[in-house]
2 protein chains.
Amino acid sequence: MTTIKDIARIAGVSITTVSRALNDYSDVSENTRQRIKAIAKDLNYSPNAHARSLVTNKSKTIGLLVSDINKGMVKDNFLVEILSGIDHFVAQTDYDLVLFSTNSTKQREKTYSQLCRERRVDGVILQGIKTEDPYLREVIESDIPCVLIDIPIESSTVGYVTTDNVMGSKKAVEYLIQLGHEKIAMMNGHNFAFVSQSRLKGYFEALKEAHLSVNWDWIVNGAFDEGIAENVATNLLTKHPEITAIYCASDLMALGTMKAAKKLGINIPEELSIIGFDDILLASYVSPPLTTVAQNKSEMGYQAAKLLVEMLEDKDVSHAISLDTKLIVRESSGVTQQKIN
Amino acid sequence: MTTIKDIARIAGVSITTVSRALNDYSDVSENTRQRIKAIAKDLNYSPNAHARSLVTNKSKTIGLLVSDINKGMVKDNFLVEILSGIDHFVAQTDYDLVLFSTNSTKQREKTYSQLCRERRVDGVILQGIKTEDPYLREVIESDIPCVLIDIPIESSTVGYVTTDNVMGSKKAVEYLIQLGHEKIAMMNGHNFAFVSQSRLKGYFEALKEAHLSVNWDWIVNGAFDEGIAENVATNLLTKHPEITAIYCASDLMALGTMKAAKKLGINIPEELSIIGFDDILLASYVSPPLTTVAQNKSEMGYQAAKLLVEMLEDKDVSHAISLDTKLIVRESSGVTQQKIN
DNA sequence: TTGAAAGCGCTAACAA
DNA sequence: TTGTTAGCGCTTTCAA
């Protein structure tokens, strides 16, 4: 593999001059620069990023930390979309992306921050890491610049990008209220997820502004899981037949809820309106197509990468980014018919 | 950031000894080893992979080259599944994964192999790269060990893993023949994709063994695209109403074909059987659920990573891996009713 | 069992 | 405009 040494020898100059020429420093005669570049091209030279990193103390590499890449992620396609956005931005820069993932099967003995330090990533994006993950703290408390997705923590070295979950939720519930619904249940994720807290907040706000009271019996958790949501929804709908609409904090849970309703012989949307959150691919394919609050996942990835790079380049930017949602009305929601009560 | 130098100073030994202790060399007294390790832990030491790479000439890094990560990939979810498999294997090793992607918007000025050489990846997995991609040659012809997904090229430094497309195709068509179909069309991808060639071959073989003759008018290309497939299928079904079954070389095209049939008022599967290839998530959600030839994508990723690492470690293994398919019978296929002719 | 020294490929003072 | 020198953090002879 060619090195600047080789080039220097052939060009009959010092390695310093080669380095300077190749990096387009000004203090090199145009003549030698051309000559050196020609030779470099000739020898098919590629700089050794590791050697450079060693001296500059920068790797031009950003890490993407994901909790566990598994086949289950195929359904709600978060990762690809986030990745697509990150990639889109990163491709415009001279950074590359390193993927780190903890694997539940054979838990790696190294922690995230060890991984990051070993590989000398300049910064890192965290996605899908659970709030309880002990390593989350570690990364945040380390001095490695990082951007969190959907976890609103902010400091001089940590930023985040998230969807405006409160507003998103609110829009969905307001829409249901407009349709005449008053008995609106909520299928949330789990209490310790930030997004769940925000989405619940939006639900409350919408009810409050419409002067509807909160009924805690109508608020349940489906753990962001289709199957669990189905069970929980079955229970809920059986116990509380008065409910005319269920707002779900994820499409996957909405799908489970739909299944539950179907099994109970409840017609959607005539007897029960269902709204989800995310706008996953499946949402438009199920029957009836699911009304949902869409979040722009690839934009989240894009913004996360952008923010991180800006942080790395010491730009003075806000470390908190919140993206708008869009209510997509399909056929799982409709005017209430007040079936009972 | 702590270095072995710091540790050496504190331990009162040479950096050589520290290096040896940390790497579990035998020629270090158990005593000093323990002491050094304790200090390292104390100082929260992480080795600098770049420095190590510089001297060992190995980066313990493998690259994943994908053509263009974009939102379109959400539908057929190849990347996540492949990634999931790769990650699964890689997590068991001391390798990390670097993601390279060419971005169509702002074409990167660097070629794949430049990227690989700069980042000093030990080897690379190529997925979703088009056969015509000029850079494909470059990587293959370079001395960088690589594993191709779905491109059967083999040499001392290149291996591949693919699905047994011929058998998969054959199974699907044989199954249609068993159901009584004789007028079986094929919606292929494009002629220059290896998988298309293999799938076509399987189609031919099944017909031949059943003593059915090939009708070239029934063989069309849908470019692996849902929309294009829909148009092509509309055309095909209009011109050739005698067709009772269409075997599609991808689920996405099968979906397009289904749409075409529906628009033409053709009932599936009563009047027309449709079979796809891939078993994407949507296959089981569309109506009627799609019969398809499933390929194990995450296994492909796993095997690709495994093969690459084995190649890197100079193990003498076969560079060609072919995985079995499984015919998943759902409701888009059925006994023929020989509607015309 | 330990250490001294060289060197991996590069950048960056400093000198000329 | 160019070269000399030192050094990034590590491994690896070679010698003690």
Side-chain angles (χ1 to χ4, degrees), chain A residues 1-37 39-40 43-61 94 96 110 114-122, chain B residues 1-37 39-40 43-61 94 96 110 114-122:
Chain A
M1 191 135 295
T2 337
T3 70
I4 49 170
K5 219 169 169 179
D6 303 319
I7 301 179
R9 195 167 20 79
I10 295 178
V13 295
S14 73
I15 57 166
T16 317
T17 305
V18 176
S19 173
R20 280 195 280 242
L22 260 22
N23 289 305
D24 282 322
Y25 277 50
S26 56
D27 52 358
V28 157
S29 79
E30 196 49 35
N31 191 3
T32 29
R33 186 203 314 287
Q34 298 295 353
R35 201 157 48 86
I36 288 172
K37 285 205 172 177
I39 297 175
L43 298 182
N44 204 8
Y45 169 77
S46 286
N48 184 329
H50 292 154
R52 177 179 289 156
S53 140
L54 203 55
V55 31
T56 59
N57 220 13
K58 287 188 177 11
S59 67
K60 289 291 177 179
T61 277
D94 53 350
D96 280 320
K110 287 173 194 162
Q114 271 177 306
L115 242 25
C116 293
R117 291 208 312 267
E118 266 185 44
R119 291 297 181 193
R120 288 299 190 272
V121 294
D122 293 335
Chain B
M1 192 133 296
T2 337
T3 70
I4 48 171
K5 220 169 168 178
D6 303 319
I7 301 179
R9 196 169 18 81
I10 294 179
V13 296
S14 71
I15 57 166
T16 317
T17 306
V18 176
S19 173
R20 279 196 279 241
L22 260 22
N23 288 304
D24 282 324
Y25 279 49
S26 56
D27 53 358
V28 160
S29 79
E30 195 49 36
N31 190 3
T32 29
R33 186 202 314 288
Q34 298 297 352
R35 200 155 48 87
I36 289 172
K37 285 205 172 175
I39 296 175
L43 298 181
N44 205 6
Y45 169 78
S46 286
N48 184 328
H50 292 153
R52 177 180 288 157
S53 141
L54 202 55
V55 29
T56 58
N57 221 15
K58 286 186 177 14
S59 67
K60 288 292 176 178
T61 275
D94 53 349
D96 280 320
K110 286 174 193 161
Q114 271 176 304
L115 242 25
C116 293
R117 290 207 312 267
E118 268 185 43
R119 291 295 181 194
R120 289 302 190 271
V121 294
D122 294 334

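Because the structure is a prediction, the values reported are computed rather than measured. Quick note on labels: first sequence line is chain A, next is B, and so on, each numbered from 1.
D:dG9 atom P lies 18 Å from atom CZ of A:Arg119, rounded to whole Å. Between the C1' atom of C:dC10 and the NE2 atom of A:His50 lies a distance of 13 Å, rounded to the nearest Å. Nucleotide D:dT1 holds its P atom 14 Å from the CD atom of A:Gln34, rounded to whole Å. In this structure, CD of B:Glu118 is placed 15 Å from P of C:dG9, rounded to the nearest angstrom. Atom CG in B:Leu54 sits about 12 Å away from atom P in C:dT11, given to the nearest Å. Here the C1' atom of nucleotide C:dC10 and the NZ atom of A:Lys58 are 15 Å apart, to the nearest Å. Atom pair A:Asp24:CG and C:dT11:P shows a separation of 12 Å (rounding to whole Å applied).
A donor-acceptor pair shorter than 3.5 Å can be found between the side chains of A:Asp122 and A:Ser59. Side-chain contact check for A:Gln114 and A:Glu118: no donor-acceptor pair (N or O, by modelled atom type) lies under 3.5 Å. Residues B:Thr17 and B:Ser14 bring a donor and an acceptor atom of their side chains to less than 3.5 Å of each other.
Place B:Thr17 and B:Asn57 on DNA chain C by their nearest nucleotides, and B:Thr17 ends up nearer the 5' end.
Under the side chain to side chain contact (heavy atoms under 4.5 Å, CB included) test applied with A:Tyr45, the options A:Ile39, A:Leu22, A:Val18, A:Asp6 reduce to a single match, A:Leu22.
Put simply, the side chain of A:Arg52 does not reach to within 4.5 Å of the side chain of A:Lys60, judged on heavy atoms.
The main-chain N or O of A:Tyr25 is found under 3.5 Å from a side-chain atom of A:Arg33 such that the two form a donor-acceptor pair.
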For nucleotides 10-16 of chain D, read 5' to 3', which letter fits each nucleotide if B means a protein heavy atom sits under 4.0 Å from the base, S means only the sugar-phosphate is that close, and - means neither? BBB----
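No engagement by B:Ser53 is indicated, since no non-hydrogen atom pair under 4.0 Å with the nucleic acid exists.
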